[in-house]
J.: 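Below you will find the structure I want to go over with you.
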Number of protein chains: 2
Amino acid sequence: MAAIQSPKSQYQQVADLLRGRIADGTYSADQPLPSEPQLSAELGVSRQTINRAINVLRNAGLVRVRRGFGTFIRGVPQVTRDAKKRYAARNQGTGAGDVEIKALGLTPRTEYVEIGRVPAPPGVADVLRIEVDAPVLVRRRRLFANDEPTQLADSFIPWDIAEGAPELLKRDVGRGGSYTRLAELGHGPVRFTEEVTVRTATEDEAQLLELDGGQPVIDITHIAWDAADRAVEVALHVMPGNLWRLRYDWDDPTADEYPTADGDA
Amino acid sequence: MAAIQSPKSQYQQVADLLRGRIADGTYSADQPLPSEPQLSAELGVSRQTINRAINVLRNAGLVRVRRGFGTFIRGVPQVTRDAKKRYAARNQGTGAGDVEIKALGLTPRTEYVEIGRVPAPPGVADVLRIEVDAPVLVRRRRLFANDEPTQLADSFIPWDIAEGAPELLKRDVGRGGSYTRLAELGHGPVRFTEEVTVRTATEDEAQLLELDGGQPVIDITHIAWDAADRAVEVALHVMPGNLWRLRYDWDDPTADEYPTADGDA
DNA sequence: CAGTGGTCTAGACCACCAC
DNA sequence: TGGTGGTCTAGACCACTGC
């Protein structure tokens, strides 16, 4: 099917070779890969070419470079995030984010970056349909699996709602999680929307997620709606693209409306 | 917030500069960007450095290089794909894929790459819970917006179902689309699941989608289940990562089960 | 300190494109 | 044929790491 292509560039070939060696276990996960000068000598290409090849693997999330130290295989398995289940699990613990990590036998950890009252950033204000700079409660968290950062999760709640539940200003928001607190205030979420985009990480995100610049991230805007159809919470999730698998499912509400064989308007 | 960083590398600075010039309209979408030697002379850095900067923009999907001709701004807006609505729109035309494109005022086009009876590929057989190499109907399509490829969509239906509806072997599967044909056979989908991952494009995909190698793609495995909970169709979608925005929404089925304030098991 | 990867340059050769 | 981008090399300097 593929058209005849000119022979691959050397750095692509080197990248394929290294990919193969990673896959078949030639290189172990404990040891660093051979150094760039070593590979350069072994394969008879310049160090630049080796470096370019390794950059290909980095972009694919296959290896991780620790500067001044060496290049290592990234041994983190993919985490499945089931949109429905993660919120249904609210009765089992504090954060919904821990469920998926534990399921893989990894150790989750949550770092609270910021919890407090701040002016709403433009994007958030827009979604919550409030004025820019109107006060909101923000909860910024960084989630880890086995001490590797796996996700940034910034949650915003309009202040006029949040002020009713002082627990929301604590790290541990208490039994059932923040949605339960919202429910107690009469704003329990009954509907959720998520918008998913893929983009390259910003510098800040790359730092916090320990990614190389330019690596793709998944950007999820999660909105919780209460029974009065008010947006009561926005959560912005940013996650390394190669690390996650998102799962959604739904019933077809119009399953009984297939056109009949004889046709009608 | 960001820690003190050493000054950025030159190619990053050049990339930022070019990004700025694209954003503020210094460079028009009709004209190619200045050539690499020109930029090299203007900015006083080597051509390699310019080239690297442009590669950053390519990975972000901001520009598109036509070899031997020039580098151009990619002016395609993001398309929103609403998982529920796209299937609900089945009564309006043939393909569900056209809806989103038209909504943006772009011209959709579908290219049928392959329609026929083939042995099930391993991944597909696994999902459909049939033997590898058991026969399936495949419909491979490539979707365009304004003649730019926006999506690969390969659909698989177990042959024992598909053979009941000869229309499924035609390009135009008829009124209501393929799900209506399945419904007529007693296998109308009532439930859907989608799994979304992000990865770098394979060579074949890069060619078909006119991407540069290494660019991230969104990979969606869409499964349609009938009332007997049998997987009656699998659709594999591959789309340029920067081109799409995925939208999902769902009601919380457990909204009335928030723990009460006084608590119980 | 020696070894690692990050980056930069000058120069070069090539494939591809439009004319 | 001349201009475009794709790639490669040798050599260099640097920041960072662990010892």
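Quick note on labels: first sequence line is chain A, next is B, and so on, each numbered from 1. Nothing here was measured: the structure is a model prediction, and the numbers come from that model. Side-chain atoms are counted along with the backbone in the values below, which use heavy atoms only and exclude waters and symmetry mates.
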J.: Go nucleotide by nucleotide along DNA chain D from the 5' end; which of B:V65 and A:Q10 gets its closest nucleotide reached first?
T.: B:V65

J.: With respect to the phosphate group of C:dT7, does any side-chain polar atom (N or O) of B:S9 fall under 4.0 Å of OP1 or OP2?
T.: yes

J.: Checking contacts here: which listed nucleotide (D:dT7, C:dT7, D:dG6) is nearest the side-chain heavy atoms of A:R52?
T.: D:dT7

J.: A quick test of your reading: do over 12 heavy atoms of other residues, nucleotides or ligands sit less than 6.0 Å from CD of B:Q78?
T.: yes

J.: Any side-chain donor-acceptor pair under 3.5 Å between B:R171 and B:Y112?
T.: no

J.: From the options C:dG6, C:dT9, D:dG6, select the nucleotide whose nearest atom is closest to the side chain of B:V45.
T.: C:dT9

J.: Output the rounded distance in Å from CD (B:E36) to C1' (C:dC14).
T.: 14 Å

J.: Looking at B:D154 and B:R141, is any side-chain nitrogen of the basic one under 4.0 Å from a carboxylate oxygen of the acidic one?
T.: no

J.: For B:D212 and D:dG5, give me the distance from atom CG to atom P, rounded to whole Å.
T.: 13 Å

J.: Counting any heavy atom closer than 4.0 Å, what does A:P32 reach on the DNA or RNA strands: base, sugar-phosphate only, or nothing?
T.: nothing

J.: To the nearest Å, give me how far apart CZ (A:R67) and P (D:dG18) are.
T.: 13 Å

J.: For C:dG6, does either OP1 or OP2 sit under 4.0 Å from a side-chain N or O belonging to A:N51?
T.: yes

J.: According to a strict under-4.0 Å criterion, is A:S35 in side-chain N/O contact with OP1 or OP2 of C:dG3?
T.: no

J.: How many Å lie between CG on B:L57 and P on D:dG6, as a whole number?
T.: 12 Å

J.: Which label fits B:Y248 and A:Y248: parallel for a plane angle under 30°, tilted from 30 to 60°, or perpendicular past 60°?
T.: parallel

J.: Name the residue closer to the 5' end of DNA chain D, choosing between A:Q48 and B:R66 according to the nucleotide with the nearest heavy atom.
T.: B:R66

J.: Could you tell me whether the phosphate oxygens of D:dT7, OP1 or OP2, come under 4.0 Å of any side-chain nitrogen or oxygen in A:Y11?
T.: yes

J.: Any Lys/Arg nitrogen of A:R139 or A:E114 sitting under 4.0 Å from an Asp/Glu carboxylate oxygen of the other?
T.: no

J.: Which of these nucleotides, D:dG5, C:dC8, C:dG5, is closest to any side-chain atom of B:T49?
T.: C:dC8

J.: Heavy atoms from C-beta onward define the side chain here; which of D:dA10, C:dG6, D:dG5 lies closest to that of A:R47?
T.: C:dG6

J.: With heavy atoms under 4.0 Å as the rule, sort A:Q38 into base, sugar-phosphate or nothing.
T.: sugar-phosphate

J.: To the nearest Å, give me how far apart CG (A:L39) and P (C:dG6) are.
T.: 13 Å

J.: Could you tell me how far apart B:F69 (CZ) and C:dC19 (C1') are, to the nearest whole angstrom?
T.: 11 Å

J.: Are B:E205 and B:R199 ion-paired here, with the side-chain N under 4.0 Å from a carboxylate O?
T.: yes

J.: When the distance from CD of A:Q12 to P of D:dC8 is rounded to whole Å, what number comes out?
T.: 9 Å

J.: Between P on D:dT4 and CD1 on B:I50, what's the gap in Å once rounded to a whole number?
T.: 13 Å

J.: Give a yes/no on whether any side-chain N or O of B:T71 is located under 4.0 angstrom from OP1 or OP2 of D:dG5.
T.: yes

J.: Paired with C:dC19 by Watson-Crick or G-U wobble geometry, both distances under 3.5 Å: which nucleotide is it?
T.: none

